[in-house]
Amino acid sequence: MRKRTQAREYALQLLYEYDIIKDFPDSLTSFWSRQEEPVDEEVKGFAEELVQGTVRYLKDIDKKVSGYAANWNLNRMAVVDRNVLRLGSFELLYLKDVPAKVSINEAVDLAKKYSGEDSGKFVNGILDRIKDECGKD
């Protein structure tokens, strides 16, 4: 598995945990020690960048996602879908060095792997609209 793909999986796990228990600092600190295998520092660094950035801009990201999730209340979405959308939105809106196509494809793959096929389509639709608005290629 590519390092950034692996980092996104860890980031999703951390965001899921944060969403459930609302405890970011302890979650981040203890998360790495709970892993069965040592985690590459590059993977860890990118995962932490994704999580910290997503949490930092969470209100703006949630507002953006809510605006495009027609007939879906953010709190009623599946926790995995909500956090995949947050992660993908952070990449689209704030990480200028990651191509939009990569961010969206990785988010769709995460949704399919951890939620379901329909979730992949749902995530793709919303992130594609956010990409169009922010003008990122």
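Heavy-atom neighbours of Asn71 CG from other residues, nucleotides or ligands within 6.0 Å: at or below the threshold of 12. Summarising the local packing, CD of Glu42 is surrounded by 12 or fewer heavy atoms from other residues, nucleotides or ligands at distances under 6.0 Å. Surrounding OH of Tyr114 are more than 12 heavy atoms belonging to other residues, nucleotides or ligands, all under 6.0 Å away.
Judged purely by atom type and a 3.5 angstrom limit, Lys96 uses its side chain to pair as donor or acceptor with the backbone of Leu93. The backbone N or O of Ala107 lies less than 3.5 Å from no partner atom in the side chain of Arg8, so there is not a single donor-acceptor pair. A donor-acceptor contact shorter than 3.5 Å links the side chain of Asn83 to the backbone of Val79.
Here the side chains of Leu14 and Trp32 are in contact, with some heavy-atom distance below 4.5 Å. Residues Tyr10 and Val39 have side chains in contact (heavy-atom distance under 4.5 Å, counting atoms from C-beta outward). No side-chain heavy atom of Asp60 sits under 4.5 Å from any side-chain heavy atom of Lys63. The side-chain heavy atoms of Leu15 and Val55, taken from C-beta on, include a pair separated by under 4.5 Å. With contacts defined as side-chain heavy-atom distances shorter than 4.5 Å, the pair Leu12/Leu50 does not qualify. At a threshold of 4.5 Å between non-hydrogen side-chain atoms, the residues Leu127 and Val84 do not count as touching. The closest side-chain heavy-atom distance from Asp40 to Gln6 is not below 4.5 Å.
Rounded to the nearest 0.5 Å, atoms CG (Leu85) and OG1 (Thr54) are 11.5 Å apart. To the nearest 0.5 Å, atom CD of residue Gln52 and atom CZ of residue Arg56 are 6.5 Å apart. If you take CD on Glu49 and CZ on Phe90, they are separated by 6.0 Å, rounding to the nearest 0.5 Å. Annotation: the span from Asp81 atom CG to Ser115 atom OG amounts to 3.5 Å, rounded to 0.5 Å. Atom CG of Asp128 is separated from atom OH of Tyr68 by 10.5 Å, given to the nearest 0.5 angstrom.
Sorted by first and then second residue, the ring-ring contact (aromatic ring centres under 6.0 Å, His included) pairs with a member in residues 43-62 read Tyr57-Tyr94; sequence neighbours excluded.
With respect to the salt-bridge test (charged N to carboxylate O, under 4.0 angstrom), the residues Arg86 and Asp19 qualify.
Smallest separation of non-hydrogen atoms from Ala47 and Ala11: O-CB, 3.9 Å. The two residues Met77 and Arg82 have their closest heavy-atom pair at O-NH1, 3.2 Å. Considering all non-hydrogen atoms of both residues, Gln35 and Phe31 come closest at NE2-O, 3.0 Å. Nearest heavy-atom pair, Val108 versus Gly120, reported as atom, atom and distance to 0.1 Å: CG2-O, 3.7 Å.
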Between side-chain atoms of residues 99-106 and protein atoms elsewhere (two or more places apart, or another chain), which donor-acceptor pairs fall under 3.5 Å?
| from | atom 1 | to | atom 2 | distance (Å) |
| --- | --- | --- | --- | --- |
| Ser103 | OG | Glu91 | OE1 | 2.9 |
| Asn105 | ND2 | Lys101 | O | 3.3 |
| Glu106 | OE1 | Thr5 | OG1 | 3.1 |
| Glu106 | OE2 | Arg2 | NH2 | 2.5 |
| Glu106 | OE2 | Thr5 | OG1 | 3.0 |

Quiz item: Yes or no on side-chain contact (heavy atoms from CB on, under 4.5 Å) for Gln13 and Glu17, after CA distance, side-chain angles and deciding distance?
Solution: CA-CA 6 Å; Gln13 293 170 25; Glu17 185 175 322; over 6 Å; no
Review point. Passes side-chain contact (heavy atoms from CB on, under 4.5 Å), Tyr18 versus Leu58? Steps please.
Key: CA-CA 12 Å; Tyr18 173 79; Leu58 191 59; 4.0 Å; yes
**Item:** Asp118/Lys121 under side-chain contact (heavy atoms from CB on, under 4.5 Å): CA gap, chis, key distance, verdict
**Value:** CA-CA 5 Å; Asp118 288 340; Lys121 294 173 188 173; 4.2 Å; yes
